[in-house]
Amino acid sequence: MAQPTEQGPGAASVLLFLFSLFLLVSPFARWWMQLPAPWYVVYLLWLLIIGLTAWLARRARRHAA
């Protein structure tokens, strides 16, 4: 029987990419952009994506060491 392998940092990167696509490109984005929200909401989403990317990069460095 095959042993389950540990998922590397690449799997988390793919999930982050798909989450970003969902937030910024999907029909869901059209809905939340029509809501009466402050002008900086898009920038907060980008900050969230950048922060998650930095966190994943830090975690990947620890994983590789």
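- A distance of 7.0 Å separates CH2 of Trp46 from CD1 of Ile50, quoted to the nearest 0.5 Å.
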Pairs of donor and acceptor atoms involving the side chains of residues 20-29, under 3.5 Å and at least two apart or interchain, shall be tabulated with distances.
residue: Ser20; atom: OG; partner: Leu16; partner atom: O; Å: 2.9
residue: Ser26; atom: OG; partner: Phe22; partner atom: O; Å: 2.5
residue: Ser26; atom: OG; partner: Phe28; partner atom: N; Å: 3.2

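- Taking CG from Leu56 and CG from Leu15, the interatomic distance works out to 9.0 Å, rounded to the nearest 0.5 Å.
- In this structure, the separation between CZ on Phe17 and CG on Leu52 is 15.0 Å, given to the nearest 0.5 Å.
- Residues Leu45 and Trp55 fall within the same hydrophobic cluster, defined by Ile, Leu, Val, Met, Phe, Trp and Tyr side chains chained together at heavy-atom separations under 4.5 Å.
- Between atom CZ of residue Phe19 and atom CG of residue Leu48 there is a gap of 5.5 Å, rounded to the nearest 0.5 Å.
- Under the 4.5 Å side-chain heavy-atom criterion for grouping Ile, Leu, Val, Met, Phe, Trp and Tyr, Leu35 is connected to Val42 within one hydrophobic cluster.
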